[in-house]
Amino acid sequence: MRLIFLGPPGAGKGTQAQRVSARLGIPHISTGDILREAVANQTPLGQKAKAYMDRGDLVPDELILGLVRERLEQEDAQQGWILDGFPRNLSQAKFLDELLAEIDQACDRAVNFTVPDEDIVQRLLARGRKDDKEETIRHRLTVYRQATAPLIEFYEQQSRLVSIDGSQEMNAVTEHLSQNLAA
Ligand code: ADP
């Protein structure tokens, strides 16, 4: 199973991705986690990415695309994967389509987690990660609407889109997701 998880920050993609990853035995690939680790380790990637992340802006594509390619080429990703936080704009989505065609893979579903904006701000403020300040959260939501939300239509046109109500409690979301993926 090859899955793309879409949705605003705080939609619960990471939590659900971990659960599906454990259940199906496929890797959970979060570009946000990869970037945060790079920042923590002060690698060249991390040093370049940090300011963008602190502001709530997308990191430039040239820092992300090679990283995703390398990750998808690894052994553990050959039988399936969950991409969480990638693609995040149309050029990343097109890159991914080309990359997958090249390595003879295809994504099965793009799962869109929907959550109202007010809920998101509350959830992220409660989470309290370093980039979860109210101003940064609002900026990440603006970036989400401008850059990432158009991907919903992109995957709809490919007939791969599944929508899940991410405002329900976590276990209910997991339940709905499992039902949808089995269908
Ligand atoms: P959230 O859980 O709030 O959706 P993530 O953990 O997915 O956030 O990402 C945190 C930050 O990492 C983003 O605000 C962005 O700066 C950067 N980032 C993650 N994935 C990408 C990507 N695919 N393209 C550009 N920037 C990214």
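When a ligand or atom number is given, it counts from 1 through the structure's own listing order.
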Q) Using a 4.0 angstrom limit on heavy atoms, which residues are close to ligand 1? A) Pro9, Lys13, Thr31, Gly32, Leu35, Arg36, Met53, Asp57, Leu58, Val59, Ile64, Gly85, Phe86, Arg88, Gln92, Arg127, Arg129, Arg140
Q.
Membership question, hydrophobic clusters at under 4.5 Å side-chain separation (ILVMFWY): are Ile152 and Leu141 in the same one?
A. no
**Q.** Nearest heavy atoms of Val115 and Ser167, plus distance in Å
**A.** CG2-N, 4.0 Å
Q: Identify the heavy atoms of Leu6 and Lys13 that sit nearest to each other, and give their distance.
A: C-CD, 3.7 Å
Q. Hey, are Asp132 and Arg140 close enough for a salt bridge, meaning a charged N less than 4.0 Å from a carboxylate O?
A. yes
(Q) Can you give me the closest heavy-atom contact between Ala77 and Arg71, atom names plus distance? (A) CB-O, 3.8 Å
**Q.** Arg123/Glu118 ion pair, N-O < 4.0 Å
**A.** no
